[in-house]
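Scroll down for the structure; my scribbles are underneath it.
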Amino acid sequence: MQNNIEIRNPATGEIDAVIPVITVDELNAAAALLKQGQGSWSKVPLQQRLDCITKFGQLILANKQELAEILTRETGKPFTQAMNEIVGAQNRIEHLQKNANRWLSEELIVNEGATHEKIVYEPLGVIANISAWNFPYNVGFNVFLYALAAGNAVLYKPSEFATGTGIQFEKYLYQAGIPEDVFKCVVGDAQVGQQLLELPLDGYFFTGSYKTGVHIASAVAHKLVPVQLELGGKDPLYIADDIVDIKKAAISAAEGAFYNNGQSCCAVERIYVSDKIYDQFVEAFIEEVASYKIGDPMRPDVFIGPLTRAAQLTVLDAQVKDALQKGAILRLGGHKLPNAGYYYAPTVLEHCSHEMELMKEETFGPLIGIQKVSSDDEAVHLMQDTAYGLTAAVFSSNRDRALTILEKMDTGTVYWNCCDRVSPNVPWSGRKNSGLGSTLSAQGIRAFVQPKAYHLRP
Ligand code: NAD
């Protein structure tokens with residue numbers, strides 16, 4: 001059993017911090033404590049719970065400089081993007097403030113006649129939130145803030161690659177008035193995650209890879225408690241021949257593919273371009289990607305930093321090699337950078353096909369494949385040729401044309417003339433291998449409660 005987590009700075013590969021892992025006894029004690037605390041927390045009036053969450057948001061904002069530095073040091077996320085995430089995630093808190101009351105309050109359905117009927121939304125109890133490292137604020141807030149608002153207690157396991165950030169969440173939640181017997185950050189890697197699966201908890205909310213998601217769902221299936229999975233994607237973008245501004249489309253597509261070094265669940269992972277504008281689009285795309293500033297992620301002008309995990313460098317190399325063997329043309333990058341740390345050159349491959357892993361398996365890095373198509377039907381066929389179902393995007397000047405294509409997508413989210421975007425107003429959900437259940441929106445609020453039906457004869 002590992003006693004410490006070594007946090008490595010991906011920009012240097014050197015150890016930045018050593019943090020003790022929670023022991024089995026400590027974890028059991030924390031679960032028992034939260035079981036007790038949850039009952040009292042659920043009786044705290046909703047507005048008071050929401051006020052704690054708002055205060056937490058204010059503390060996060062007041063300390064954003066230090067928090068962004070922690071996030072950049074442990075994940076390699078460029079500092080400007082770390083700041084964007086910290087500030088942007090506040091929209092979850094605003095969403096809760098505006099909407100939690102409506103979706104968590106009891107509903108009087110029938111208030112006349114012999115039998116009155118109402119629904120009361122009760123919290124699930126103590127839930128596990130097993131989280132990812134790529135957007136720890138966004139994906140964390142989607143779960144633990146919504147769970148706390150609904151009156152649950154939360155055992156939060158940050159990714160072992162975002163441990164420092166998880167510890168900060170705990171510190172500021174306590175400062176904001178969330179009781180210590182209601183939230184606990186449990187530090188550890190997969191082993192600690194596994195121990196969470198063995199505890200008698202009331203729900204499992206996971207963000208991470210398909211492989212781990214399936215393992216978690218299988219391991220806890222016998223408990224018959226809610227399981228929610230936010231998993232990976234292989235998100236397609238189709239550039240139709242009627243786009244007016246090719247350069248603008250190329251800039252937007254490149255940002256969708258390379259933001260956070262391509263390490264977004266909803267990053268654009270493959271691009272299909274109409275043969276009528278293929279060459280112009282590809283040239284504009286290459287020009288944009290070649291302009292990205294690569295380097296020390298602490299520098300505010302850097303757009304491409306190191307990858308978070310050293311092991312992913314090998315995955316990218318293998319996808320490039322496979323694509324080149326099968327006829328792709330390398331236009332940019334295709335190799336690790338000589339810098340210390342885990343840097344991979346932003347990479348663009350064109351003339352790709354679905355024979356290549358790059359167009360089928362999640363890449364999760366600064367690498368994109370482009371394929372030429374001759375019709376909307378061909379684009380639809382290829383976009384749908386995937387085991388994943390997170391998002392799909394179309395760039396076109398014709399709304400009806402775009403909507404006709406998007407209606408055919410078996411994905412939780414579709415985009416017209418935009419991509420790589422999440423909003424708290426609408427559900428965030430994956431289909432097929434991209435997951436189960438929804439966060440955000442009304443669905444994401446109700447995900448953390450269970451309905452109780454009252455049949456009342458006054
Ligand atoms: P991962 O599956 O390796 O790890 C996720 C979490 O699961 C970590 O906290 C890890 O410690 C824990 N874990 C690993 N093995 C476990 C086990 N046996 N039992 C219990 N817990 C275990 O994923 P990752 O590398 O952290 O995240 C990257 C993946 O997450 C990508 O596939 C990405 O697309 C996906 N993701 C999806 C969304 C979404 O909203 N759909 C958002 C962010 C990331």
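Nothing here was measured: the structure is a model prediction, and the numbers come from that model.
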* **From CA spacing to verdict: salt bridge (Lys or Arg N to Asp or Glu O under 4.0 Å), D385, K360** => CA-CA 8 Å; D385 180 26; K360 307 278 276 191; 3.1 Å; yes
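- To the nearest 0.5 Å, atoms OH (Y388) and CG (D235) are separated by 10.5 Å.
- Taking the six-membered ring where the residue is Trp, Y156 and F144 present perpendicular rings, their angle passing 60° and hence far from 30°.
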* Assess whether side-chain hydrogen bond (donor to acceptor under 3.5 Å, both in side chains) is satisfied between T54 and Q97, documenting all intermediate values. => CA-CA 8 Å; T54 301; Q97 278 289 8; 2.2 Å; yes
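- Aromatic rings from Y272 and F395 are positioned such that their centres are separated by 6.0 Å or more.
- Nearest approach of R49 to S42, heavy atoms of both residues: NH1-O, 3.1 Å.
- Judged by the 6.0 Å and 45° rule, R446 forms a cation-pi pair with Y121.
- Atom OH in Y174 sits 14.5 Å away from atom CG in L59 (nearest 0.5 Å).
- In this structure, CD1 in I251 is found 4.5 Å from CD in E288, a value given to the nearest 0.5 Å.
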* What's the verdict on side-chain hydrogen bond (donor to acceptor under 3.5 Å, both in side chains) for R457 and T115, showing C-alpha distance, side-chain angles and the deciding distance? -> CA-CA 5 Å; R457 296 229 164 117; T115 312; 2.7 Å; yes
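- Cation-pi geometry between K118 and Y454 is met: the NZ or CZ atom falls under 6.0 Å from the ring centre, inside 45° of the normal.
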* **Pair L155-L199, side chain to side chain contact (heavy atoms under 4.5 Å, CB included): steps then yes or no** => CA-CA 11 Å; L155 281 169; L199 288 171; 4.2 Å; yes
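- Looking at heavy atoms from C-beta onward, T207 lies out of side-chain contact with I130 at the 4.5 angstrom threshold.
- The shortest distance between side-chain heavy atoms of I7 and I15 does not fall below 4.5 Å.
- A donor-acceptor distance shorter than 3.5 angstrom exists from the side chain of S434 to the backbone of L390, with no hydrogens or angles considered.
- Annotation: K223, atom NZ; neighbour count of heavy atoms from other residues, nucleotides and ligands within 6.0 Å is above 12.
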* Asked: Checking side chain to side chain contact (heavy atoms under 4.5 Å, CB included) for the pair L104/F448: CA distance, chi angles, key distance, verdict?
  -> CA-CA 10 Å; L104 295 178; F448 297 97; over 6 Å; no
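- Q90 and E94 share no donor-acceptor pair across their side chains, judged by distance under 3.5 Å alone.
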* To do: Assess whether side chain to side chain contact (heavy atoms under 4.5 Å, CB included) is satisfied between R8 and E14, documenting all intermediate values.
  => CA-CA 5 Å; R8 281 181 191 274; E14 283 164 14; 5.7 Å; no
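- For the atom pair CG of L50 and CG of L46, the computed distance is 4.5 Å after rounding to the nearest 0.5 Å.
- From N152, atom CG reaches atom CG of L124 across 5.0 Å, with rounding to the nearest 0.5 Å.
- Considering every non-hydrogen atom in both G295 and Y343, the closest pair reads O-OH, 2.9 Å.
- Checked against the 6.0 Å centroid threshold, Y146 and F141 do not count as a close aromatic pair.
- P136 approaches L71 most closely through the heavy-atom pair CG-CD1, 3.5 Å.
- Of the candidates L34, I178, D181, W41 forms a side chain to side chain contact (heavy atoms under 4.5 Å, CB included) with just one, namely I178.
- With ring centers used as reference points, F364 lies under 6.0 Å from W133.
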* Under the ring-ring contact (aromatic ring centres under 6.0 Å, His included) criterion, do Y137 and F169 qualify, and how do the steps go? -> CA-CA 9 Å; Y137 285 80; F169 291 161; 4.9 Å; yes
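- Remark: T165 OG1 to E74 CD distance equals 4.0 Å, nearest 0.5 Å.
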